[in-house]
Structure formats: structure tokens, C-alpha cells
Amino acid sequence: MISYQHTLALVDNHSPAQFALNKALQLAYKTKAKVTALKVERPYNNILSRLGLIPNNALDPMLFVNKLLSKFQHLGVNIEVKVIKNVKDHVAILEETNSGDYDLVVINNQHHNSIVREFISSCEAHLLRESQLPILIVGNKGWQRQGHILTALETAESNIAHKALNQNLLDDTQQLASLLENDIHLLNCYQLKNWSMSVNRDQTLFTDAEQRSLHWNHLLDSAKPYQLDDDHLHLEQGLPDHVIPEIAHKCNANLLVIGAGEHHGFMSELKGHTSSVIIDQLKCDILAIKPVHH
């Protein structure tokens, strides 16, 4: 379970709204955690400032950040500000988390163009691959009280490491649901196995209906300790890349909780994990949790 004792939040150099920092501070206020606000300092490159029409410091996001920090400091949140000179965002975050005692990273969802994403890895994609910490990727949608948290499980895997990851997803979901006063929805998506092409047919599965029933029972087993109604359980046939955004939109979820970084190999490095593929399709926030033994 995430301890939420020390969160690293990246200051957005491009927006005064500071969604990532704001939500990191909201969580810290609820959990009595410390927040480190990480500012990557870069030269200003705005045409108006270059022409001398506006002062450089008018573009400094710290003017907005300081007001936000002051607000939460008055509420008792322990806050530290660190500044790193001109490096890529993901490099700054990885260097800082490798040298500090953090348990969560919070960044903004930049919603990159799908074509650009194929050729240039985003900060989000880098962190999902390279960071050992949970990554909270937030958008501009505020957390609604009495809202919904959707957790995507993959229940077909039976190895110990995968079961432990599923349990971590469920434990963190329950903790967040309590903090945000939200309810829980669980999602499992699956692919049908085509037994008509199999030489050695599995005698325990014959029909599509029986396969669906097996996945549904797995989902019920996962949900049992949390006393969820059936209408909070979602079982869909299809690829996670397509199903997860559809159900998140249908649920009007505040937050999607998903496992990340579990699979490796050449194709995974080329195409990215499910969590990185769906980032640009989602309007809700995403909490990507890593396996304990990565």
C-alpha cells in the first residue's frame, strides 16, 4: 500500500493552473504527508519577452506556485521547493527520486499527439518505464466528492507476483476511495480463446459463455472483500487499450488505478505498456502502480 509520506510533484512550466501540484497538496493535506515541489528551470523563449514587450518574470510559474504553496502551508502541509537547471523533466524526476525518500510522483498529463508519441517518448512514458515509484498523472478535471474510482485488474494471470500487484491495486484503491470519499468500480477485460484452431483443446473451456463466466468469477473473487454491488463490476471483451478508456468515460471516473511496468521485451519497448498507450485517451487522472519486484 502507498504510504503517502513524501510526494514529489513537478511544477508545470506551461500552465498557471498547476493541476499536479494542487492535487499533490490536496492528498498531502489529507494524509499529513510532505510535498516536494520540483521546478525545472529553463530559459524563457516567448516571442513577447524576446521583443521586450513583457518582462521575463511575468512568465514565471512560481508566481502562481508560491500562492498555492502559501495556502497549503497555512493548512499545515510540510512543503519543500527544489530547483533543477535546464534538463528534461523525466531526467530531473528520476535523479531526484533516486536520491530522495519518495513514495509517489505526481505530474500533469500533457496529452501528446498520437503521431508524435510514436516517435518521441513523453515524460509520462519514460517514468512508466523507468521509475520504480507509483506515478499519478493528473488532468484538469477536479476530484468530485461522491465520485468514482475505476481499478483495472487482469485476473487471468495466476503467478504470485501478479497476484501481489492486483492486491496492491485493490489496497491503494480502497485507501484513495476513503480519502476522496469516492466509491470503487472494478474492471476486467479479456480476450476469447479460439478453441476451433487448437490441436490440443482444453477440456475445461468449450464455449465463449463459459470463458466469460470464468472471468466473471475471478472478478467476483477480487471484489468480495470490498462488498461491491454487481453494477460496480465491469467485465468486457476486448483490448485494454480500447476497453479501459470506454469504461472510465462511462463511469465518469475521477481516477483510474492501473498496474504498470510488469511486462518487458522488445515489443513492449516499441509500443509501450497499456498504461502509457491509454494516457492520451483518458480525461480522468491515472495512478500507475508498479510491481513490488520490478
For L235, does its backbone N or O pair with a side-chain atom of R212 as donor and acceptor, under 3.5 Å? yes
Here the gap from I184 atom CD1 to Q227 atom CD, rounded to the nearest 0.5 Å, amounts to 11.0 Å
Under a 4.5 Å cut-off applied to non-hydrogen side-chain atoms, are H185 and D183 in contact? yes
Check whether any side-chain heavy atom of I278 lies under 4.5 Å from a side-chain heavy atom of Q281, and answer yes or no. yes
Close side-chain approach of V83 and E41, heavy atoms under 4.5 Å: yes
Quick check for you: to the nearest 0.5 Å, what is the distance between T151 atom OG1 and L255 atom CG? 7.5 Å
Donor-acceptor pair, N182 side chain versus L180 backbone, under 3.5 Å? yes
Can you confirm whether D101 is buried at CG, in the sense that more than 12 heavy atoms of other residues, nucleotides or ligands lie under 6.0 Å from that atom? no
Does one hydrophobic cluster hold both V87 and V105, with members joined at side-chain heavy-atom distances below 4.5 Å? yes
For the pair T97 (side chain) and I93 (backbone), establish whether a donor and an acceptor sit closer than 3.5 Å, ignoring hydrogens and angles. yes
Output yes when a side-chain donor or acceptor of S99 lies under 3.5 Å from a complementary backbone atom of E96, and no otherwise. yes
Hey, does the side chain of N254 reach the backbone of I149 with a donor-acceptor pair shorter than 3.5 angstrom? no
I need the minimum non-hydrogen distance between L187 and I247, along with the two atoms involved. CD1-CG1, 4.0 Å
When you compare the side chains of K141 and N252, does any donor N or O come within less than 3.5 Å of an acceptor on the partner? yes
Flag, side chain of N98 to backbone of L94, donor-acceptor distance under 3.5 Å: yes
Within a strict 4.5 Å, meaning less than it, do heavy atoms of the V65 and K39 side chains meet? no
side-chain contact (heavy atoms from CB on, under 4.5 Å) assessment of I160 paired with K163: CA-CA 5 Å; I160 295 175; K163 287 182 176 179; 5.8 Å; no
Walk me through it: do V257 and I289 pass the test side-chain contact (heavy atoms from CB on, under 4.5 Å)? CA-CA 8 Å; V257 181; I289 297 175; 3.9 Å; yes
To the nearest 0.5 Å, atom OG of S213 lies from atom CG of L220 at 9.0 Å
Looking at every heavy atom in both I244 and A152, which two are closest together, and how far apart are they? CD1-CB, 3.9 Å
Heavy-atom nearest pair, L150 first then H234, reads CD1-CD2, 4.3 Å
Mind checking the CD1-CD1 spacing from I107 to I137? Nearest 0.5 Å is all I need. 5.0 Å
Shortest non-hydrogen contact from L127 toward K290: O-NZ, 3.3 Å
Side chains of T173 and Y226: closer than 4.5 Å at any heavy-atom pair? no
Just by distance, do the side chain of Q174 and the backbone of D171 share a donor-acceptor pair under 3.5 Å? no
If you look at every heavy atom in D103 and L133, which pair is closest and at what distance? CA-CD2, 4.1 Å
Verify, without hydrogens or angle tests, whether H74 (side chain) and S70 (backbone) share a donor-acceptor contact under 3.5 angstrom. yes
So which pairs with a foot in residues 5-20 pass salt bridge (charged side-chain N to carboxylate O under 4.0 Å, His left out), sequence neighbours left out? none
Determine whether more than 12 heavy atoms belonging to other residues, nucleotides or ligands lie under 6.0 Å from atom OH of Y29. no
Is there a path from V35 to V81 through hydrophobic residues (I, L, V, M, F, W, Y) whose side chains come within less than 4.5 Å of each other? yes
How many angstroms lie between CD in Q191 and CD in Q237, if you round to the nearest 0.5 Å? 6.5 Å
Decide side-chain contact (heavy atoms from CB on, under 4.5 Å) for L27 and W143; before the verdict, give the C-alpha distance in whole Å, the side-chain angles of both, and the deciding distance to 0.1 Å. CA-CA 11 Å; L27 276 180; W143 288 328; 3.9 Å; yes
Verify side-chain contact (heavy atoms from CB on, under 4.5 Å) between W216 and L233, making sure each step is shown before the conclusion. CA-CA 9 Å; W216 177 251; L233 306 180; 3.8 Å; yes
If we only count heavy atoms from C-beta on, is the Q211 to L214 side-chain gap below 4.5 Å? no
Any side-chain to backbone donor/acceptor pair from N166 onto E154? Under 3.5 Å, distance only. yes
Report yes or no: does H126 contribute a side-chain atom to a donor-acceptor pair with the main-chain N or O of V91 at less than 3.5 Å? no
Are side-chain heavy atoms of Q26 and N22 found at a separation under 4.5 Å? yes
Any carboxylate oxygen within less than 4.0 angstrom of a Lys/Arg side-chain nitrogen, looking at D285 and K23? yes
Residue of the set L8, L69, T36 for which side chain to side chain contact (heavy atoms under 4.5 Å, CB included) holds with E80: T36
Rounded distance (nearest 0.5 Å) linking atom CG of L219 with atom CG of D230: 9.0 Å
Between D89 and C123, the two heavy atoms sitting closest are CB-SG, 3.8 Å
Do L186 and L153 touch side chain to side chain, with heavy atoms closer than 4.5 Å? yes
